[in-house]
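Heavy atoms only: backbone and side chains are in, while hydrogens, waters and symmetry mates are out.
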Amino acid sequence: MTAISPTHEAAADSCYTWNRTLSKGDSGSDVTVLQVRVSGWAGYGDPIAVDGIFGSETEAAVKRFQNGYGLTVDGIAGPETYDQIYALQDSDCTPAHFSWSEFDSPDCNCFSGGNTSTEQVKENVLLTMWKLEAKRHKLGDKPLYVSSGFRSVAYNDSVGGAPNSKHTYGLAADLTGSPGLCTLARAGRYAGFNGIIGPGAPNHDDHVHLDTRSSRYWNAPSCF
């Protein structure tokens, strides 16, 4: 473990500032925060465990993140990597191109009333945002349009959502528009989403559903 001095005086530091270099074998809450930020840099169909343990998956994700932003690719999270994260991170911990208001439940503009606590919903939504931030960058920094994020159980029921939907946990996002639904669905396979439902699946020809789940379910017959 190596203590570091932050080199980037960004507003994002009011959200979180790392005080040590992290590498394979380290563990702790600071590893968990890092894992959330690089969760969208997962391998094909291989989501990163957000468990506070810096293992091979986390190291590989850090390398992909570093390569994606033109940094030194060594799999070690130090000042250069943190500076890039700070540059992408707003003071409320959300990534630069997404906001809480895009993901709250339409019936209450809040994150309560789901199938888990409000605190857990927000943690889950933050993870979803960071996966989408990575996906956005991989697609050439093209804007992504979120048509549905978190849903309260009541709202999910009112719109005919699946019982126990990942939306009610803050673990899902529906995307519409450019750069094309099949492009959005395919890119989700490399962004840590084990749940992908899109064109060709019933009631999904006008949007792509992405979620975080324990086992893979990819259903977009028109795309893959």
Taking NZ, NE, NH1 and NH2 as the nitrogens, is one of them in Asp74 or Lys63 under 4.0 Å from a carboxylate oxygen of the other?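 Salt bridge: no.
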| message | Going by salt bridge (charged side-chain N to carboxylate O under 4.0 Å, His left out), name the pairs with one or both residues in residues 163-183, residues two or more places apart or in two chains. | response |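 Qualifying pairs: Arg151-Asp174.
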Tell me whether [X] contacts the main-chain N or O of [Y] through its side chain, where contact means a donor paired with an acceptor under 3.5 Å.
X: Thr94; Y: Ser99; value: no
X: Ser178; Y: Gly180; value: no
X: Glu133; Y: Phe98; value: no
X: Tyr82; Y: Ala77; value: yes
X: Trp218; Y: Phe193; value: yes
X: His204; Y: Pro202; value: yes
X: Asp26; Y: Ser23; value: yes
X: Lys24; Y: Phe54; value: no
X: Asp205; Y: Gly200; value: yes
X: Gln120; Y: Tyr169; value: no

**OP:** Evaluate the ring planes of His137 and Tyr69, with Trp represented by its six-membered ring, and classify them as parallel (under 30°), tilted (30 to 60°) or perpendicular (over 60°).
**Re:**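 Aromatic pair His137/Tyr69 classed parallel.
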| Hydrophobic cluster (4.5 angstrom, side-chain heavy atoms) - remaining members for Ile76 |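 Noted: Ile76 shares its cluster with no other residue.
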message = Per the side-chain hydrogen bond (donor to acceptor under 3.5 Å, both in side chains) rule, what does the pair list look like for residues 36-49, sequence neighbours excluded?
response =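 Found Arg37-Gln89.
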Check your understanding: Which pairs, with at least one residue in residues 180-195 and sequence neighbours excluded, count as a side-chain hydrogen bond (donor to acceptor under 3.5 Å, both in side chains)?
Key ->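 Applying side-chain hydrogen bond (donor to acceptor under 3.5 Å, both in side chains) to every pair that reaches into residues 180-195, excluding sequence neighbours, yields nothing.
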For this session: May I have all residue pairs that pass disulfide (SG to SG under 2.5 Å) and include part of residues 139-224, sequence neighbours excluded?
Result: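 Qualifying pairs, neighbours excluded: Cys182-Cys223.
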Any pair counted as disulfide (SG to SG under 2.5 Å), so long as it reaches residues 95-178, sequence neighbours left out =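 Matches after skipping sequence neighbours: Cys108-Cys110.
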Review point. Leu171 and Trp130: same hydrophobic cluster, using ILVMFWY side-chain contacts below 4.5 Å?
Key: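 No, no single cluster joins them.
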